[in-house]
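Contents: one structure, followed by commentary.
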Amino acid sequence: MGVNLRDLIPSEAKMEVELKALKGREVALDAYNMLYQFLAAIRQPDGTPLMDSHGRVTSHLSGLFYRTINLVEEGIKPVFVFDGKPPEMKKREIEERIKRREEAASKYRQAVELGRLDEARKYAQATGRLTNDMVEESKRLLEAMGMPVVQAPADGEAQAACMAAWGDVWAAGSQDYDSLLFGAPRLVRNLAITGRRKLPGRDEYVEIKPELIELEKLLKSLGITRDHLIVIGILLGTDFNPGGVKGYGPKTALKFVKSIGDPLKVLKVVPKVEGEADPSEIFKYFKEPPCTKEYKISWREPDPEKIKTILVDEHDFNIERVEKGISRLKKAYRENLRGRISRLDAWFKG
Amino acid sequence: MTSFRFRFRDARVWRYMVSSIEKIIEDGVFVVNDEGLSLRALDTSHVVMIDLFYPKDSFDEWEVAEEATFGVSFKEFSKILRRAQKNDELVIEVKDTFLDVIFSEPSLGERVFRMPQISLTYEKLPEPKIEFTVRAKIFSTTFRDVIRDLEAVGETLVIRAPEEADKLIMEAKGDVEQVEIELPLGSSLIELQVDSPDKSAYSIDYFSQMRAAAQAADTVSLSYAEYAPIKVDMEYTGGGRLTFYVSPKEEE
């Protein structure tokens, strides 16, 4: 879920960009976040996910394979960051997610029985569950494709934000705004869903473009610090206190935080933070998330045999389509990943 | 409110130049002043910069009272300029928020296309500072043939000048094929100056995109240094010049 800062972000702090504007940039992608998006989006009209002959879900593999190829073809250099152990504080959110999924699953079954396809699809999208096997085969697929995979100690999103803050990658890529709280100088949204998308429940399509949010611009336009932003996040609700604080919307939270000034003081005077987690612990978690420096970012030549083993042999993907994908990936690798194109900026300074 | 107008002898030159620019850059701001017409723009990935300059003498009519700018979407501009035909003269007239692109041919009369200006903040980009070690000049037809040969095989162009300074070598490597093209001084090479026998590599894509602009050019000058951008100057009849700076590519 993540913190919802959407209504807080002024239009001047976010920018719709073309994929090609990100050419040559390394982006650390929150892999779980992406996989869930694939599970939600890649489905048949009645909401059934893609499956192999053993009935195992393959939507995430299909999404990962083709989307990664797309990104690399556009010159983006993706780094995939996977979640480690969820922090104790996140327990309640995780329990709620499981509950939401179960509810959605029973509604889905009802809708199917009643023959309501549109509804069925809607509920099915919320039932997506990532098992350990699915995560492991996603990593294997990415490695076979030559993509760097980073294992986070805890939150993948936090790790991606740290890597961006350290300058090892240019931006963090996620759908959630938490990356900004974690300190990512740049957040790119919509990378998993860029392109023509069907609007839910309607026969209409929209063109979705990546959205770039720069932390410094955002803080400047709101007139606050990152500490303030974290506190606002806690007021609105994070994964650690899903309900937030009653009575605070984006506007009131911003006004309140600004009127008090000292971010930590805000947490003390706030009436009641929902959930069991201590607000100052949540603050600390966003401010200094657990991150590792144990990773290597490099792209390798794709391994066609390994890719085919996973997709074709194990999961019944169509061999021609996979081979076509592999040859696109190989070409994109040669053009955009192997070798480094520098930017002209270095020669402007002189 | 500024308005100005200029006339250029051959509309097709513009058609070809903008057809290249369109592939690299989305939009840009032209500046007209006492010296002539100029445009400098950077592609979104900051790998290529274009720098265009036409002195006012290269125009048959130049009615510019004071410095002014006009912003265009190159995609839209190119769409219109593609209508340029043989013998067409080009008149650009800028008024208020729109610009008229007029093709005129005495026997056919005028065709007036109107397109909106786009409002962009104009900020003058600096010129990249590069100490070039190799400079060469070739005919534009040679340039286009060489690029076609290279792009047939690979994605990276490697350019090098041997110690003897008697030729320039351009090569590309693909998965299985490779190509090496020798341009000896005196035949394909019009000029060559080698301060240091350097070698550098660039992505071929951008050179493919320059091919259209080369079609209308007379000569093409190439200047580069090791691990530095290459400067590709297209020189046009009448003193106009369209320059592309392309960042180097390092092979791992």
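The chains referred to below are lettered A, B, ... by the order of the sequence lines, with proteins before strands, and numbering in each begins at 1.
In terms of heavy-atom pairs under 4.5 angstrom with chain A, the leader among B:Val47, B:Val48, B:Asp205 is B:Val47.
Within 6.0 Å of the CD atom in A:Glu207, the count of heavy atoms belonging to other residues, nucleotides or ligands exceeds 12. In A:Glu12, the CD atom is crowded: over 12 heavy atoms of neighbouring residues, nucleotides or ligands sit closer than 6.0 Å. The 12-atom threshold is exceeded at CZ of B:Arg82, counting heavy atoms of other residues, nucleotides or ligands nearer than 6.0 Å. Within 6.0 Å of NZ in A:Lys331 there are 12 or fewer heavy atoms belonging to other residues, nucleotides or ligands. By the 6.0 Å contact criterion, CD on B:Glu35 is open, its count of non-hydrogen atoms from other residues, nucleotides or ligands being 12 or less.
Contacts of B:Ala84 classified as side chain to side chain contact (heavy atoms under 4.5 Å, CB included), with partners at least two apart in sequence or in another chain: B:Ala11, B:Arg12, B:Arg15, B:Phe103.
A:Arg343 approaches B:Ser45 most closely through the heavy-atom pair NH1-O, 3.0 Å. Here the closest non-hydrogen pair linking B:Tyr245 and A:Leu344 is O-CD1, 3.9 Å.
A heavy-atom distance below 4.5 Å is found between the side chains of A:Phe348 and B:Met49.
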Which donor-acceptor pairs under 3.5 Å do side chains of residues 146-155 of chain B form with protein atoms, sequence neighbours excluded?
unit_1: B:Glu151; atom_1: OE1; unit_2: B:Ser208; atom_2: OG; d: 2.4
unit_1: B:Glu151; atom_1: OE1; unit_2: B:Arg211; atom_2: NH1; d: 3.2
unit_1: B:Glu151; atom_1: OE2; unit_2: B:Arg211; atom_2: NH1; d: 2.3
unit_1: B:Glu155; atom_1: OE1; unit_2: A:Arg334; atom_2: NE; d: 3.3

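Only the side chain of B:Glu26 has a heavy atom closer than 4.5 Å to any heavy atom of chain A. Neither the backbone nor the side chain of B:Ile204 comes within contact range of chain A; no heavy atom of the residue lies under 4.5 Å from a heavy atom of that chain.
Distance CZ/A:Arg338 to OG1/B:Thr156: 6.5 Å, rounded to 0.5 Å.
Taking 4.5 Å as the heavy-atom cut-off, none of the residues of residues 139-148 of chain A approach chain B. Contacts from residues 221-235 of chain B to chain A, taken as heavy-atom pairs separated by less than 4.5 Å, involve B:Tyr227, B:Ala228, B:Pro229 in sequence order.
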